[in-house]
Novice: 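Starting off with a structure, shown below.
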Amino acid sequence: TQEIVNLNNGTLGVDAIFLGTFTGFFRSPANNSVGKILYQNGKWTAIEDKSLSESINSLFDQFDKKDAPKIIKLPVGGQTK
């Protein structure tokens with residue numbers, strides 16, 4: 001899906017994939033931002049995390065059928081209060 005996230009004191013249009021009900025991942029090809037979207041304290045919160053770049057890019061490439069299916073490691077957490 002396409003989402004608007006609050007990041008670095010501004011808003012950013014990103015592509016997002018949600019896994020389960022409390023965790024998503026985003027990337028913005030325009031400025032190479034990648035990270036997690038977590039449901040925290042009753043709202044969705046985007047957290048940039050460049051250390052996940054390779055895994056997130058692989059996730060999107062597999063989803064878009066640009067890459068063969070393979071296992072990737074991504075942090076998937078639950079709801080926090």
Side-chain angles (χ1 to χ4, degrees):
T1 65
Q2 294 193 339
E3 302 285 340
I4 303 293
V5 297
N6 293 317
L7 195 63
N8 301 327
N9 297 321
T11 58
L12 181 65
V14 298
D15 294 320
I17 295 176
F18 291 88
L19 303 177
T21 57
F22 295 107
T23 305
F25 299 94
F26 72 88
R27 77 173 176 182
S28 175
N31 68 1
N32 297 327
S33 290
V34 297
K36 303 174 278 196
I37 303 173
L38 303 175
Y39 192 75
Q40 297 178 321
N41 302 317
K43 65 179 183 173
W44 290 99
T45 304
I47 303 167
E48 188 170 28
D49 188 344
K50 301 239 184 223
S51 72
L52 297 174
S53 183
E54 185 176 332
S55 294
I56 289 174
N57 284 322
S58 180
L59 172 69
F60 278 92
D61 288 347
Q62 290 179 58
F63 185 79
D64 293 337
K65 298 181 181 174
K66 295 178 183 175
D67 197 4
K70 59 185 165 192
I71 295 174
I72 54 175
K73 291 184 179 184
L74 288 169
V76 179
Q79 179 181 17
T80 58
K81 293 182 179 180

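All heavy atoms count here, side chains included; hydrogens, waters and symmetry mates do not.
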Novice: Looking at residues at least two apart in the chain, or sitting in another chain, which of them share a salt bridge (Lys or Arg N to Asp or Glu O under 4.0 Å) with D15?
Specialist: none
Novice: Looking at residues at least two apart in the chain, or sitting in another chain, which of them share a side chain to side chain contact (heavy atoms under 4.5 Å, CB included) with I47?
Specialist: L38, Q40, T45
Novice: Can you tell me how far apart CD (Q62) and CD1 (I71) are? Round to the nearest 0.5 Å.
Specialist: 9.5 Å
Novice: For residues 1-9, which side-chain donor-acceptor pairs fall under 3.5 Å, sequence neighbours excluded?
Specialist:
{"residue": "T1", "atom": "OG1", "partner": "E3", "partner atom": "OE2", "Å": "3.1"}
{"residue": "N8", "atom": "ND2", "partner": "E48", "partner atom": "OE1", "Å": "3.4"}

Novice: Tell me, please, which residues at least two apart from K65 pass salt bridge (Lys or Arg N to Asp or Glu O under 4.0 Å).
Specialist: none
Novice: Please enumerate all residues that pass side chain to side chain donor-acceptor pair (under 3.5 Å) together with E54, with sequence neighbours excluded.
Specialist: none
Novice: If I take atom CG from residue N57 and atom NZ from residue K66, how far apart are they, to the nearest 0.5 angstrom?
Specialist: 10.0 Å
Novice: If you take all heavy atoms of S55 and I72, which pair is closest and at what distance?
Specialist: O-CD1, 3.6 Å
Novice: In Å and rounded to the nearest 0.5 Å, what is the CG to OG1 distance from L74 to T23?
Specialist: 10.0 Å
Novice: Please identify each residue that fulfils side chain to side chain donor-acceptor pair (under 3.5 Å) with T11, with sequence neighbours left out.
Specialist: none
Novice: From T21 OG1 over to Y39 OH, what is the distance, rounded to the nearest 0.5 angstrom?
Specialist: 10.0 Å
Novice: Please report whether the ring centroid of F26 lies less than 6.0 Å from that of W44.
Specialist: no
